[in-house]
Asker: 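One structure follows; several queries about it will come next.
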Amino acid sequence: MNNSQVPLGLHDFSIPFHFIGICGTAMGAVAAMLKRQGYKVTGSDEQIYPPMSTFLENEGISVQKGYRPENLPGDPSSIIIVGNTIKRGNPEIEAVLNQKRFYISLPEALKTYFLRGKRNVVITGTHGKTTTTSITAWLLESAQLHPSFLIGGIPENFGLGCRHVQSDFWILEGDEYDTAFFDKRSKFIHYLPEIVVINNIEFDHADIYENLDAIKLSFRRLMNIIPQNGLVIYNADDTHACEVASTALAKKIGVSMRKNSGVQNISDIQLHPQYSAFTYLNQRFTLPMAGEINIRNAAMAITVAQHLGIPLHQIAIALREFKGVRRRQQHRGEVNGIHVIDDFGHHPTAIRETIRAIRQQYPRSRIWAIFEPRSNTTRRAVFQNILPDALATADAVIVAQVAALQQIPENERLNPERVVKDIQAKGVPAYYEPHVDAIIQRVLSTAQVNDVLLILSNGGFDQIHDKLLHALAEKKS
């Protein structure tokens, strides 16, 4: 069977599916969606733990720990879905290749079994994808359009990041990261877009992209598959987004925070500790989030909703009811007047904008930026010279050891001690503390009442949030 063909298992519920790497957030969600459709689904993974293990068990999906050829379904017509983290050498994928089994990526599975014939809204960009996708899904939900969605985070309004319902609409967070070891195109290429949002375009993903031009090429390929009756909504203040959007044959709408002719302008911005207010399309909006970056995110989502026929006054009501997204400026707790905030930010621009937003929320507080270099780009020296500028917008900084540093050659690796020295040279207190225990000791000896501890990491960071709160509570007692 040619691997580019549409699987014969479409609507044939006798053909089983097997997910290699099933415990990834999106993998588990799509596995459950197929199971609910009536397909037989199994999976395997090395890391099996709650909440995903519990979720899959409740869905009636059998999961094997570890990768072994015997985990594969005995039916040779089965369809194997390969996770993005799976690499050559994995025993199951080697068996799939040796046996010439049918295999596809997760984005291909979404396209084939769920997205065909639907009105797909794809939210892209280096920053703000998760928040913009979450707001868009909520605006459509409030208008009784009840969209399906796939989001790389958990919107508080829904309590889950993926949902499949009987709806004409899919709202998808469109990641520019590659699809699978056998398909190096961006995931969003598979999403059959009718509407595409481009929040911004910057260099990221240094492990797969050589430079910014390579990223822009991937976005231009996305523009090539938007139908003429589709729509591109782009950030008119971002030169790269403008350049990429101009190549699309679909209708284009630019959104700007400056007075630009020919685009839709955001104006009359007011920033308050607990909310932001702005005027857009001659309508006043209130967003229960801080930061100008979130105003832009909201304006992008508003533009989608208006294009789909939702009245602006109805959108304004729904926006006021948006509850945010977990791990995006999420308040994790407060002990003795010291607040702990969790944020997914890792790119220098996202770090800078998040610190600005937290300062808006806590204007009289000292802001600590506690940063773990964990993403495939921030672990490398790519941002060595610009990370200090972003982090130094905080009042004090702690930088941890590069995560999984043995995976990065030493000559390519970020030097966190140098980052700290460069921040200190700007007159900002900064410390290199390799591990979480050392970070906690530094905080306990230095933090004061009314400080805000902003944790910046795109991973679990060794449960630093709970450990900090526990240590602060013990010190108080």
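In this chain, residues are counted from 1 in sequence order. Note: hydrogens, waters and symmetry copies are ignored here, and every other heavy atom, side chains too, is used.
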Asker: Looking at Glu46 and Lys65, does any basic side-chain N land under 4.0 Å from a carboxylate oxygen?
Answerer: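 Looking at Lys65 together with Glu46, the answer is no, because their closest N to O distance does not fall below 4.0 Å.
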Asker: Are any side-chain N or O atoms of Lys129 and backbone N or O atoms of Gly125, one a donor and one an acceptor, separated by less than 3.5 Å?
Answerer: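 A pair under 3.5 Å: yes.
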Asker: If the plane angle is over 60° it's perpendicular, under 30° parallel, otherwise tilted; pick one for Phe158 and Phe149.
Answerer: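 Tilted: the ring planes of Phe158 and Phe149 meet at 30° to 60°.
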Asker: Could you check whether any side-chain N or O of Trp138 sits under 3.5 Å from a backbone N or O of Ala318, counting only pairs where one atom can act as donor and the other as acceptor?
Answerer: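 Yes, the answer is positive, given that a donor and an acceptor are paired below the 3.5 Å cut-off.
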Asker: Under a 3.5 Å distance rule, please check whether Asn58 uses its side chain to pair with a backbone N or O of Thr54 as donor and acceptor.
Answerer: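 Checked: pair present.
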Asker: Do side-chain atoms of Asp45 reach the backbone of Ile48 as a donor and acceptor pair under 3.5 angstrom?
Answerer: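 No, Asp45 side chain to Ile48 backbone: no donor-acceptor pair under 3.5 Å.
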Asker: Carefully, step by step, assess His127 and Asn297 under the rule side chain to side chain donor-acceptor pair (under 3.5 Å).
Answerer: CA-CA 9 Å; His127 323 293; Asn297 293 338; over 6 Å; no
Asker: Strictly distance-based, threshold 3.5 Å: is any side-chain N or O of Ser186 a donor or acceptor partner for the main-chain N or O of Ile189?
Answerer: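 Side chain of Ser186 to backbone of Ile189: no pair is present.
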Asker: Would you check if His146 and Gln166 make a side-chain contact, meaning some heavy-atom pair closer than 4.5 Å?
Answerer: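 Sidechains of Gln166 and His146: no contact.
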Asker: Atom NE2 of residue position His470 - does it have more than 12 heavy atoms of other residues, nucleotides or ligands inside 6.0 Å?
Answerer: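 Atom NE2 in His470 is not packed in, count stays at 12 or less.
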Asker: Would you say CD of Glu321 has more than 12 non-hydrogen atoms from neighbouring residues, nucleotides or ligands within 6.0 angstrom?
Answerer: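 More than 12 heavy atoms, drawn from other residues, nucleotides or ligands, come within 6.0 Å of this atom.
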Asker: Within the 4.5 Å heavy-atom criterion, are Met33 and Cys162 side-chain neighbours or not?
Answerer: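 Side chain of Met33 against side chain of Cys162, heavy atoms only: contact under 4.5 Å found.
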Asker: Before you tell me yes or no, could you show the steps for Ser256 and Asp237 under side chain to side chain donor-acceptor pair (under 3.5 Å), namely the whole-Å CA-CA distance, both residues' side-chain angles and the distance that decides it to 0.1 Å?
Answerer: CA-CA 6 Å; Ser256 175; Asp237 300 329; 2.7 Å; yes
Asker: Scan Ile135, Ile310, Ile315, Val121 and name whichever one has a side-chain contact (heavy atoms from CB on, under 4.5 Å) with Leu140.
Answerer: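 So, applying the side-chain contact (heavy atoms from CB on, under 4.5 Å) to Leu140 and each of Ile135, Ile310, Ile315, Val121, only Ile310 qualifies.
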Asker: Does a side-chain heavy-atom distance below 4.5 Å link Arg320 with Phe322?
Answerer: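 When only atoms from C-beta onward are counted, Phe322 and Arg320 do not touch, as no gap falls below 4.5 Å.
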Asker: Between Thr126 (side chain only) and Glu202 (backbone N and O only), is there a donor and an acceptor less than 3.5 Å apart?
Answerer: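 Yes, because the side chain of Thr126 sits within donor-acceptor range (under 3.5 Å) of the backbone of Glu202.
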Asker: Using a strict threshold of under 4.0 Å (side-chain N to carboxylate O), is an ion pair present between Glu194 and Lys118?
Answerer: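 Between Glu194 and Lys118 there is no salt bridge, as every charged N stays at least 4.0 Å from the carboxylate O atoms.
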Asker: Is a salt bridge present between Arg185 and Glu176, judged by a nitrogen-to-oxygen distance below 4.0 Å?
Answerer: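 Answer for the salt bridge query: no.
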Asker: Counting only heavy atoms not in Lys216, do more than 12 sit closer than 6.0 Å to its NZ atom?
Answerer: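 Atom NZ in Lys216 is crowded, with more than 12 foreign heavy atoms closer than 6.0 Å.
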Asker: Please name the pair of heavy atoms, one in Leu145 and one in Ser167, separated by the smallest distance, quoted to 0.1 Å.
Answerer: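 So the minimum-distance heavy-atom pair works out to O-OG, 3.4 Å.
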Asker: Do Thr179 and Asn84 have side chains that get closer than 4.5 Å, going by heavy atoms?
Answerer: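 In short, these two side chains do not touch, never coming nearer than 4.5 Å.
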Asker: Is the NZ or CZ atom of Arg374 both under 6.0 Å from the centre of the six-membered ring of Phe461 and within 45° of that ring's axis?
Answerer: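 Not satisfied by the 6.0 Å and 45° rule.
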Asker: Does some side-chain heavy atom of Ile198 sit less than 4.5 Å from a side-chain heavy atom of Asn235?
Answerer: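 Not touching, per the 4.5 Å side-chain cut-off.
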Asker: What's the spacing between Ile317 CD1 and Leu312 CG if we round to 0.5 Å?
Answerer: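 Those atoms lie 11.5 Å apart.
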Asker: Would you name the heavy atoms of His307 and Ile195 that are closest together and state the gap between them?
Answerer: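 Nearest heavy atoms, His307 then Ile195: CD2-CD1, 3.6 Å.
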Asker: Locate the shortest heavy-atom distance separating Asn265 from Tyr280; write the atom from each residue and the value.
Answerer: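 So the two residues come closest at O-CD1, 3.5 Å.
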Asker: Restricting to side chain to side chain contact (heavy atoms under 4.5 Å, CB included), what partner residues turn up for Asp462, sequence neighbours left out?
Answerer: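 Partners of Asp462 by the side chain to side chain contact (heavy atoms under 4.5 Å, CB included) criterion, ordered by chain and then number, come out as Val436, Lys467.
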Asker: Where do Ile81 and Met27 land on the side chain to side chain contact (heavy atoms under 4.5 Å, CB included) test, with the steps shown first?
Answerer: CA-CA 9 Å; Ile81 299 180; Met27 288 282 280; 4.2 Å; yes
Asker: Would you kindly say whether Thr133 and Thr130 are connected by a side-chain donor-acceptor distance under 3.5 Å?
Answerer: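 No pair is found: no donor N or O on one side chain lies under 3.5 Å from an acceptor on the other.
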Asker: What's the verdict on side chain to side chain contact (heavy atoms under 4.5 Å, CB included) for Ile341 and Val452, showing C-alpha distance, side-chain angles and the deciding distance?
Answerer: CA-CA 7 Å; Ile341 308 291; Val452 174; 3.7 Å; yes
Asker: Are the side chain of Ser44 and the backbone N or O of Tyr67 linked by a donor-acceptor pair below 3.5 Å?
Answerer: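 No, because the side chain of Ser44 does not come within donor-acceptor range (under 3.5 Å) of the backbone of Tyr67.
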Asker: Which heavy atom of Tyr39 sits nearest a heavy atom of Tyr113, and at what distance?
Answerer: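 The answer is OH-CD2, 4.1 Å.
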Asker: Looking only at atom types and distance, does a side-chain atom of Gln360 sit under 3.5 Å from a main-chain N or O of Gly291, one as donor and one as acceptor?
Answerer: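 Indeed, once roles are kept as given, a pair shorter than 3.5 Å links the two residues.
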Asker: Is there a salt bridge (Lys or Arg N to Asp or Glu O under 4.0 Å) between Arg379 and Glu412 once you walk through the steps?
Answerer: CA-CA 9 Å; Arg379 290 189 298 152; Glu412 299 178 16; over 6 Å; no
Asker: State whether Arg332 and Asp342 are salt-bridged, where the test is any N-O pair (Lys NZ or Arg NE/NH1/NH2 against Asp/Glu carboxylate O) under 4.0 Å.
Answerer: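 Looking at Arg332 and Asp342, the cut-off is met.
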Asker: Is it true that Arg352 and Asp389 make a salt bridge, defined as a side-chain N closer than 4.0 Å to a carboxylate O?
Answerer: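 Judged by the 4.0 Å cut-off on N to carboxylate O distance, Arg352 and Asp389 do not form a salt bridge.
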Asker: Show the numbers, then the answer: is there a salt bridge (Lys or Arg N to Asp or Glu O under 4.0 Å) between Lys187 and Glu173?
Answerer: CA-CA 10 Å; Lys187 293 175 186 174; Glu173 180 172 335; over 6 Å; no
Asker: With a 6.0 Å cut-off on the ring centroids, do Phe219 and His240 count as close?
Answerer: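 Centroid separation for Phe219 and His240: 6.0 Å or greater.
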Asker: Could you tell me if the side chain of Lys323 sits less than 4.5 Å from the side chain of Pro288, heavy atoms only?
Answerer: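 Pro288 vs Lys323: side chains apart.
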Asker: Do Tyr191 and Leu110 have side chains that approach each other closer than 4.5 Å (heavy atoms only, starting at C-beta)?
Answerer: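 In contact.
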Asker: Can a salt bridge be assigned to the pair Arg356 and Glu353 using a cut-off of 4.0 Å between side-chain N and carboxylate O?
Answerer: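 Result for this pair is yes, salt bridge flagged.
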Asker: For Asn294 and Gln329, run side chain to side chain contact (heavy atoms under 4.5 Å, CB included): C-alpha distance rounded to whole Å, both residues' side-chain angles, the deciding distance at 0.1 Å, then the answer.
Answerer: CA-CA 11 Å; Asn294 288 317; Gln329 302 172 29; 3.2 Å; yes
Asker: Determine whether a donor-acceptor pair (N or O, by modelled atom type, separation under 3.5 Å) exists between the side chain of Thr131 and the backbone of Gly128.
Answerer: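 The answer is no, because no donor-acceptor pair under 3.5 Å joins these two groups.
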Asker: Which heavy atom of Asn458 sits nearest a heavy atom of Phe344, and at what distance?
Answerer: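 Minimum heavy-atom separation between Asn458 and Phe344: O-CE1, 3.4 Å.
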Asker: Is there side-chain contact between Ile439 and Ile370, with heavy atoms separated by less than 4.5 Å?
Answerer: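 In short, these two side chains touch, coming nearer than 4.5 Å.
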Asker: To the closest 0.5 Å, what do you measure between OG1 (Thr42) and CG (Leu72)?
Answerer: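 With rounding to 0.5 Å, OG1 (Thr42) is 8.0 Å from CG (Leu72).
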Asker: Between the side chain of Arg359 and the main-chain N/O of Thr393, is any donor-acceptor distance below 3.5 Å?
Answerer: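 Answer holds: yes.
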Asker: Is the number of heavy atoms from other residues, nucleotides or ligands within 6.0 Å of CD (Gln406) greater than 12?
Answerer: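 Yes, CD of Gln406 has more than 12 neighbouring heavy atoms, counting only those of other groups under 6.0 Å.
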Asker: Just by distance, no angles: are the side chains of Thr132 and Asn199 close enough, under 3.5 Å, to form a donor-acceptor pair?
Answerer: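 Short answer, yes.
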Asker: Val255 and Ile266: which non-hydrogen atoms are nearest, and at how many Å?
Answerer: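 So the minimum-distance heavy-atom pair works out to CG1-CD1, 3.9 Å.
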Asker: Let's go through Ser457 and Glu372 carefully: what are the C-alpha distance in whole Å and the side-chain angles of both, what is the deciding distance for side chain to side chain donor-acceptor pair (under 3.5 Å) to 0.1 Å, and is it a yes or a no?
Answerer: CA-CA 5 Å; Ser457 171; Glu372 180 189 35; 2.5 Å; yes
Asker: Evaluate side chain to side chain contact (heavy atoms under 4.5 Å, CB included) for Glu92 paired with His18, printing each intermediate quantity in order.
Answerer: CA-CA 10 Å; Glu92 289 185 32; His18 180 76; 2.9 Å; yes
